[in-house]
Protein chains: 2
Amino acid sequence: MLGVVKAMANSKLYKGSLNTIILKLLDEEGKMYGYEITQKVKKLTKGELNITEGALYPALHKLEAEGLLDVEVAKVDNRLRKYYKLTEQGVREKTNRLAELEEFVRNMQQLVNPKWSIE
Amino acid sequence: MLGVVKAMANSKLYKGSLNTIILKLLDEEGKMYGYEITQKVKKLTKGELNITEGALYPALHKLEAEGLLDVEVAKVDNRLRKYYKLTEQGVREKTNRLAELEEFVRNMQQLVNPKWSIE
DNA sequence: CAAATATACATAATTTTCTTATGCATAAGG
DNA sequence: CCTTATGCATAAGAAAATTATGTATATTTG
């Protein structure tokens with residue numbers, strides 16, 4: 001019995017962007033737990049981007065191990081939640097990642113030309 | 001003796017975008033050879049994106065194997081060049097990839113918010 | 001003119017990042 | 001009661017890149 005779990009994305013372009021997404025959402029929301037992140041992303045992209053658990057949880061663990069996230073365990077309705085939030089280093093890294101993302105978009109615009117513009 | 005070869009890019013965001021870049025450049029230029037692509041990309045991004053040979057050549061071979069590219073060997077100044085151009089299927093696929101790229105940017109904009117806008 | 005750099009291809013080993021497939025457990029809805 | 005939703009986790013494998021080589025000719029530079 002498989003629950004037809006849609007992949008993270010149709011295209012391969014999202015590779016490498018998961019960490020940036022996580023850092024930015026945590027910066028906005030203050031703290032979030034894993035499942036909440038997947039739902040938030042799904043909603044914001046109108047179902048077009050589904051983060052898989054196999055990608056998300058290892059990513060969260062890695063960011064935590066790198067000192068970019070702090071974790072806090074909570075029990076809600078007898079179910080476990082692990083709330084993540086940015087550390088100070090995480091806030092700095094988030095800023096860097098967003099700058100890289102803007103640069104990426106700027107460069108892709110030059111290469112692949114342009115229906116979109118910056119600013 | 002190592003020639004300090006810079007990586008394809010500082011950030012990981014470019015992962016997955018190489019094929020799209022290749023298809024679009026070939027569409028614009030008509031035909032190009034591998035080394036020419038690396039130089040063109042370097043120039044267009046003002047040196048910020050350096051495609052490595054280890055990424056480029058396997059990608060070209062794969063695109064050719066998939067029927068998206070045709071190759072034509074030439075000898076210039078006693079040196080080998082392999083000119084690639086889009087097949088009909090390659091043209092169609094280029095269109096798809098560009099649409100995916102736009103969708104990717106649109107989704108990232110929703111997620112990570114917004115200094116850039118589409119259109 | 002010798003040495004270094006640029007041009008031009010290629011591939012193998014490894015790493016990173018993701019998909020796919022599981023696994024466990026509780027809550028809610030039909 | 002059975003399915004779906006919530007919530008975590010990890011392992012096996014694939015895909016795409018990095019890093020490190022290797023070969024060869026042409027050009028520039030000290």
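Just so you know, these numbers use all the heavy atoms, side chains as well, and skip hydrogens, waters and symmetry mates. Within every chain, numbering begins at 1; the chains are lettered A, B, ... in the order of the sequence lines, protein sequences first and strands thereafter.
The shortest distance between the side-chain N/O atoms of A/Arg79 and the OP1/OP2 oxygens of C/dA27 is not below 4.0 Å. Contact check, B/Asn78 against D/dA26: a side-chain N or O comes under 4.0 Å of OP1 or OP2. A sub-4.0 Å separation between OP1 or OP2 of C/dC18 and a side-chain N or O of B/Lys15 is absent. OP1 or OP2 of D/dG7 lies within a sub-4.0 Å distance of a side-chain N or O belonging to A/Tyr33.
If you find the closest nucleotide of DNA chain C to A/Asp77 and to A/Gly16, the one lying nearer the 5' end belongs to A/Gly16.
Taken to the nearest 0.5 Å, the CG atom of B/Asn19 stands 11.0 Å off from the CD atom of B/Glu100.
For A/Lys82, whose side chain is taken as the heavy atoms from C-beta onward, the closest listed nucleotide among C/dA10, C/dT7, D/dC8 is D/dC8. Relative to the side chain of B/Ala55, the nucleotides D/dA9, C/dA10, D/dT18 differ in distance, and D/dT18 lies closest. Taking only side-chain atoms of B/Tyr35, from C-beta outward, the nucleotide of C/dA6, C/dT19, D/dA17 with the closest atom is C/dA6.
Between the side chain of A/Ser17 and the backbone N or O of A/Leu13, no donor-acceptor pair lies under 3.5 Å.
Backbone-only contact: B/Gly34 has heavy atoms under 4.0 Å from sugar-phosphate atoms and none from a base.
With B/Tyr33 as the aromatic partner, B/Lys82 does not meet the cation-pi criteria of under 6.0 angstrom to the ring centre and within 45 degrees of the ring axis.
Heavy-atom distances under 4.0 Å link DNA chain C to no residue of residues 67-76 of chain A.
Here A/Val76 is tied to no hydrophobic group at all, with no ILVMFWY side chain closer than 4.5 Å.
Ring centroid separation for the pair B/Phe104 and A/Tyr14 comes in under the 6.0 Å cut-off.
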